[in-house]
Colleague: 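Okay, here's the structure, questions in a sec.
Just so we're on the same page: letters track the sequence lines, and every chain starts at 1.
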Amino acid sequence: MTKACLHALFARGQPVAFSRSFWPLAASWRRGETPENRPWIGQSGRVMHAYRTHNCGELRKSDVGAEVRLSGWVHRVRDHGGLLFIDLRDHYGLTQCVIEPGNSEFPMAEALRAEWVVRVDGRVEARSGDTVNPNLPTGEVEVRISALEVLSEAEELPLPVFGEPDYPEDIRLKYRFLDLRRETIHNNIIKRAAIIASIRRRMIDAGFFEFQTPILTASSPEGARDFLVPSRMHPGKFYALPQAPQQFKQLVMVSGFDRYFQIAPCFRDEDARADRSPGEFYQLDIEMSFVEQEDVFNAVEPVLRGLFEEFGGGKPVTQEFPRIPFGEAMRKYGTDKPDLRNPIEMSDVSEVFRGSGFKIFAGLLDKHKGGRPWFENAEVWAIPAKGGGSRAFCDRMNSWAQGEGQPGLGYIFFRNGEGAGPIAKNLGEDLTAKLRDELGLADGDAVFFVAGVPKDFADFAGRARTKAGEDLELLDKDRFEFCWIVDFPMFEWDEERKKIEFSHNPFSMPQGGLEALETKDPLDILAWQYDIVCNGVELSSGAIRNHKPEIMVKAFEIAGYDRSVLEEKFGGMLRALTYGAPPHGGIAPGIDRIVMLLCGTENIREVTMFPMNQQAEDLLMGAPGDVSPEQLRDLHIRLNLPKS
RNA sequence: GGGGGUGUAGCUCAGUUGGUUAGAGCGCUGGCCUGUCACGCCAGAGGCCGCGGGUUCGAGUCCCGUCACUCCCGCCA
């Protein structure tokens with residue numbers, strides 16, 4: 001790319017790709033660099049910058065003959081005795097520099113070690129045909145070193161930057177600044193930044209305003225454990241870090257701002273998982289006024305679809321997110337976060353088995369009947385597995401099920417035009433054929449069965465579906481399959497405390513409003529509550545909120561909370577609803593999980609710059625740490641540590 | 001709080017049935033090498049086998065305990 005060409009691109013305001021492969025993402029997203037803030041480019045009698053005239057991903061054949069200055073890290077040294085190569089690396093790329101023994105700087109070049117920071121001056125030279133490196137954007141040229149300055153030395157590395165093997169987490173975290181120089185995670189972090197920038201752009205373009213909400217706020221009685229911050233001015237009282245800006249965003253709507261979003265930090269003092277940082281994470285927090293569920297869907301769906309099309313590496317993205325009621329999701333997929341890349345759908349085949357010759361299932365169906373479907377009545381579900389029609393596969397599934405603590409996994413597999421296996425034998429030819437036809441199966445396929453009361457086996461059935469789909473390689477991994485899960489129940493039975501509880505957010509609006517609360521069985525009431533699921537990952541949860549105080553009072557009453565509790569715990573929210581609250585609703589997609597899906601990683605630490613370890617310790621900064629007695633005295637705190 | 005996995009050189013790992021002086025690759029140190037790009041070749045240094053206890057003539061290896069990291073369950077409105 002010539003300088004004239006660069007100028008032309010800058011003038012049109014286009015981003016310029018300086019390099020394409022070493023830090024490909026970093027380079028292609030580079031923006032805003034203009035000739036004005038790079039005064040040494042393209043001018044005669046050029047000003048020589050203290051550190052660089054070009055970055056390490058920038059030089060091309062068209063630069064041959066130029067005297068340039070580069071600064072960066074020594075990525076790799078190849079010493080041939082009579083000839084020495086230095087791969088110089090920075091954020092933008094890699095440039096090969098070369099020096100020969102006659103040069104007065106050669107002794108210094110020989111002393112260089114990996115990750116030293118150096119400045120190199122030299123002339124850009126073309127590489128001869130057979131020495132061109134087609135794997136590097138700068139591979140047609142090299143810099144013939146004329147001067148060399150060590151800007152910073154590095155001790156022997158606890159963690160090499162060159163190469164991409166796995167390293168222990170504790171070392172990676174303790175030396176995160178080295179880890180972050182490595183190509184894959186460096187690109188992930190840059191991609192995260194670009195994703196967040198794109199989200200902001202899309203939200204602002206759609207008419208949303210980004211507002212900040214407090215970090216020091218009040219402890220919330222619902223949900224997770226709070227992080228507490230002691231108050232110096234109010235002895236014995238505590239702030240809490242927000243678990244989410246839930247109440248604030250509703251207050252923003254009551255305050256008349258109409259459309260809010262925020263890349264919001266959320267704090268929850270709960271244990272970590274691979275996909276869940278301990279302590280803190282980010283949500284794309286969204287709230288809108290004068291909307292119904294459909295309006296929220298219409299606002300959010302294009303943002304996510306666009307985002308995944310922009311950053312998903314060309315993998316197909318669901319064009320219209322299907323809406324699946326919670327109850328249907330549980331029956332078809334055994335989970336409220338189905339991976340729709342798995343084509344297997346389960347179905348209720350109880351009627352085939354009722355009174356049949358397969359006495360185990362027939363007996364179960366006979367024993368548990370006449371009660372509440374799902375909670376009390378027995379059913380038999382079929383999990384059709386195309387291509388699973390071998391005894392070996394069916395036995396493998398069966399022993400897997402036993403490993404899951406199940407008695408086993410019944411099956412029929414089809415071959416030579418008939419069903420095989422013990423169930424088929426007992427069921428008889430006609431019913432087996434009926435099953436095969438109803439489920440659309442043929443020779444070479446299998447079907448697995450789970451039986452009992454659905455509320456007890458649905459989760460296991462779902463895992464069996466996942467296992468069958470993955471083992472038979474029925475999933476197309478190279479796509480993003482989205483769906484909405486809708487119509488969640490408003491309440492659920494809390495088996496431990498033997499009482500009715502909110503099943504999601506207590507601020508959600510029940511479908512049917514006050515009338516439903518007053519007339520229906522609470523466990524039958526649905527909420528305007530929804531999730532977005534992508535490839536089996538729950539990306540976000542949202543709701544149309546309850547904006548009427550009398551409905552809120554009634555809903556809390558059903559969950560066993562007196563009006564006084566509501567007033568004590570959510571006084572501010574309740575007060576806000578009594579002075580003209582607009583109907584409103586929103587959602588809060590998890591940023592970290594979106595980035596994980598788009599980076600194709602299972603571990604959240606691969607998309608987080610400075611994560612804590614599983615014990616919620618920051619090994620680089622040493623958090624949590626001790627504080628001085630003076631600090632504690634200021635806060636009116638005396639430690640009462642556990643013994644041992 | 002509970003369960004699983006891992007822990008041997010700076011790093012990644014091997015180490016057989018309990019048996020002599022614990023090995024390899026990368027890195028490091030020194031030497032050789034003018035076209036490499038995971039450069040190559042030669043030599044060398046480097047070990048509390050996580051820690052503590054036990055069994056045994058003998059433990060990296062078996063047993064018990066403990067610590068660290070990690071994955072999962074609980075938890076995460």
Side-chain angles (χ1 to χ4, degrees), chain A residues 22 75-89 94-103 106 110-111 113-115 125 127-136 138-139 142 144 154-175 178-179 220-226 242-244 246-247 266-281 403-405 459 488 490-492 494 496 501-508 527 529 538 541-543 556 559 569-570 588 590 602-605 612-615 617 619 644:
Chain A
F22 190 73
H75 192 62
R76 195 87 171 150
V77 178
R78 288 177 297 282
D79 185 352
H80 290 238
L83 183 69
L84 189 146
F85 298 100
I86 300 165
D87 286 341
L88 197 65
R89 183 198 77 234
L94 199 66
T95 300
Q96 174 166 289
C97 306
V98 61
I99 189 168
E100 292 174 10
N103 193 306
F106 191 80
E110 275 188 314
R113 291 293 172 266
E115 297 310 303
E125 295 184 353
R127 299 206 208 174
S128 65
D130 55 337
T131 64
V132 164
N133 185 344
N135 301 318
L136 282 180
T138 60
E142 63 193 2
R144 179 73 52 168
E155 293 180 9
E156 188 180 345
L157 303 171
L159 171 79
V161 172
F162 176 79
E164 287 281 326
D166 289 334
Y167 288 93
E169 287 280 342
D170 43 347
I171 292 177
R172 291 184 60 190
L173 295 181
K174 186 172 174 187
Y175 299 94
L178 287 176
D179 194 27
S220 149
E222 285 287 322
R225 216 175 280 120
D226 284 317
Q243 295 184 21
Q246 178 64 35
Q247 293 190 64
C266 303
F267 305 91
R268 295 175 192 176
D269 187 3
E270 298 293 351
D271 289 348
R273 288 288 181 279
D275 63 350
R276 201 169 81 201
S277 287
E280 53 188 72
F281 61 97
E404 296 285 300
D459 177 63
F488 281 88
M490 182 80 187
F491 301 101
E492 64 189 15
D494 185 333
E496 261 180 36
E501 255 303 346
F502 290 108
S503 61
H504 276 72
N505 185 326
F507 302 127
S508 297
Q529 170 88 41
E538 183 188 319
S541 192
F556 273 74
K569 302 294 188 190
F570 303 106
E602 305 271 311
N603 194 307
I604 198 163
R605 289 186 295 276
M612 294 195 283
N613 69 7
Q614 197 175 35
Q615 279 67 248
E617 297 163 313
L619 298 176
S644 82

Colleague: Taking atom P in both G19(B) and A59(B), what distance in whole Å separates the two?
Modeller: 11 Å

Colleague: Look at the side chain of R225(A) and the base of G74(B), then say whether one donor and one acceptor between them are separated by less than 3.5 Å.
Modeller: no

Colleague: Does C62(B) pair with anything, Watson-Crick or G-U wobble, both distances under 3.5 Å, and if so, with which nucleotide?
Modeller: G54(B)

Colleague: Using only heavy-atom distances, decide whether a donor-acceptor pair under 3.5 angstrom links the side-chain of N133(A) to the base of C37(B).
Modeller: yes

Colleague: Using whole Å, report how far OH of Y175(A) lies from C1' of G10(B).
Modeller: 10 Å

Colleague: Tell me which nucleotide, if any, is Watson-Crick or G-U wobble paired with A22(B) when both distances must be under 3.5 Å.
Modeller: none

Colleague: Is the base of G74(B) touched by the side chain of D271(A) through a donor-acceptor pair closer than 3.5 angstrom?
Modeller: yes

Colleague: Is H80(A) stacked on the base of C39(B) when the test is centres under 5.5 angstrom and planes under 30 degrees?
Modeller: yes

Colleague: Report yes if at least one side-chain N or O of R172(A) is closer than 4.0 Å to OP1 or OP2 of C69(B); otherwise report no.
Modeller: no

Colleague: Could you check which of A77(B), G35(B), A38(B) has an atom nearest any side-chain atom of L83(A)?
Modeller: G35(B)

Colleague: Does a nitrogen or oxygen in the side chain of Q614(A) sit under 4.0 Å from OP1 or OP2 of C71(B)?
Modeller: yes

Colleague: Touch check for F502(A), heavy atoms < 4.0 angstrom, all strands: base, sugar-phosphate only, or nothing?
Modeller: nothing

Colleague: Is the shortest distance from a Lys or Arg side-chain nitrogen in E100(A) or R144(A) to a carboxylate oxygen in the other one below 4.0 Å?
Modeller: yes

Colleague: In whole Å, what is the span from the CG atom of N613(A) to the C1' atom of A68(B)?
Modeller: 10 Å

Colleague: From CZ of F491(A) over to P of A77(B), roughly how many Å is that when rounded to an integer?
Modeller: 18 Å

Colleague: Kindly say if R276(A) contacts the phosphate of C72(B), meaning a side-chain N or O under 4.0 Å from OP1 or OP2.
Modeller: no

Colleague: To the side chain of I171(A), which of C33(B), G27(B), C11(B) is closest?
Modeller: C11(B)

Colleague: Please give the nucleotide sitting opposite C41(B) as a Watson-Crick or G-U wobble pair, both distances under 3.5 Å, or none.
Modeller: G31(B)

Colleague: Distance check needed: C39(B) C1' versus D130(A) CG, whole Å only.
Modeller: 15 Å

Colleague: Quick check for you: among C37(B), C69(B), G10(B), whose closest atom lies nearest to any side-chain atom of E156(A)?
Modeller: G10(B)

Colleague: Please determine if a side-chain N or O atom of Q615(A) lies less than 4.0 Å away from the OP1 or OP2 oxygen of C69(B).
Modeller: yes

Colleague: With rounding to whole Å, what would you report as the distance between U6(B) and A14(B) at their P atoms?
Modeller: 10 Å

Colleague: If you pin R268(A) and N603(A) to their nearest nucleotides in RNA chain B, which one's is more 5'?
Modeller: N603(A)

Colleague: With rounding to whole Å, what would you report as the distance between G3(B) and U12(B) at their C1' atoms?
Modeller: 28 Å

Colleague: Quantified in whole Å, what is the C1' atom distance between nucleotide C49(B) and nucleotide A22(B)?
Modeller: 8 Å

Colleague: Measure CD/E110(A) against C1'/U34(B) and give the value in whole Å, please.
Modeller: 13 Å

Colleague: Please report the C-alpha distance between Q247(A) and F570(A) in whole Å, then the side-chain angles of each, then the deciding distance to 0.1 Å, and finally whether the side chain to side chain contact (heavy atoms under 4.5 Å, CB included) criterion is met.
Modeller: CA-CA 9 Å; Q247(A) 293 190 64; F570(A) 303 106; 3.6 Å; yes

Colleague: Send over the distance from E617(A) CD to U70(B) C1', rounded to a whole Å.
Modeller: 13 Å

Colleague: In whole angstrom, what separates R76(A)'s CZ from C37(B)'s P?
Modeller: 10 Å

Colleague: Return the nearest nucleotide to the side chain of R78(A); candidates are U12(B), C28(B), C37(B).
Modeller: C37(B)

Colleague: Output yes when a side-chain donor or acceptor of R172(A) lies under 3.5 Å from a complementary backbone atom of D179(A), and no otherwise.
Modeller: no

Colleague: When you compare U61(B) with U8(B), how far apart are their C1' atoms, in angstrom units rounded to a whole number?
Modeller: 11 Å

Colleague: Quick one, E110(A) with L84(A), criterion side chain to side chain contact (heavy atoms under 4.5 Å, CB included). Give me CA distance, side-chain angles, the key distance, then yes/no.
Modeller: CA-CA 8 Å; E110(A) 275 188 314; L84(A) 189 146; 3.9 Å; yes

Colleague: So, does the side chain of E142(A) form a donor-acceptor pair with the base of G35(B) at under 3.5 Å?
Modeller: yes

Colleague: Flag the pair D87(A) and R76(A) as a salt bridge only when some basic side-chain nitrogen lies within less than 4.0 angstrom of an acidic carboxylate oxygen.
Modeller: no

Colleague: Looking at R268(A) and D226(A), is any side-chain nitrogen of the basic one under 4.0 Å from a carboxylate oxygen of the acidic one?
Modeller: no

Colleague: With rounding to whole Å, what would you report as the distance between G40(B) and C26(B) at their P atoms?
Modeller: 7 Å

Colleague: Respond yes when some side-chain nitrogen or oxygen of R273(A) is under 4.0 Å from OP1 or OP2 of C73(B), and no when none is.
Modeller: yes

Colleague: Nearest to the side chain of R113(A), heavy atoms from C-beta on, is which of G35(B), G30(B), C69(B)?
Modeller: G30(B)

Colleague: Between the side-chain atoms of R127(A) and the base atoms of C37(B), is any donor-acceptor pair under 3.5 Å?
Modeller: yes

Colleague: For C69(B), what is the paired nucleotide under Watson-Crick or G-U wobble rules, both distances under 3.5 Å?
Modeller: G5(B)

Colleague: What's the spacing between T138(A) OG1 and Q96(A) CD if we round to 0.5 Å?
Modeller: 8.5 Å

Colleague: For a 4.5 angstrom cut-off between non-hydrogen side-chain atoms, does F162(A) reach E115(A)?
Modeller: no

Colleague: Take atom CD1 of I604(A) and atom P of C76(B), then tell me their distance rounded to the nearest Å.
Modeller: 18 Å

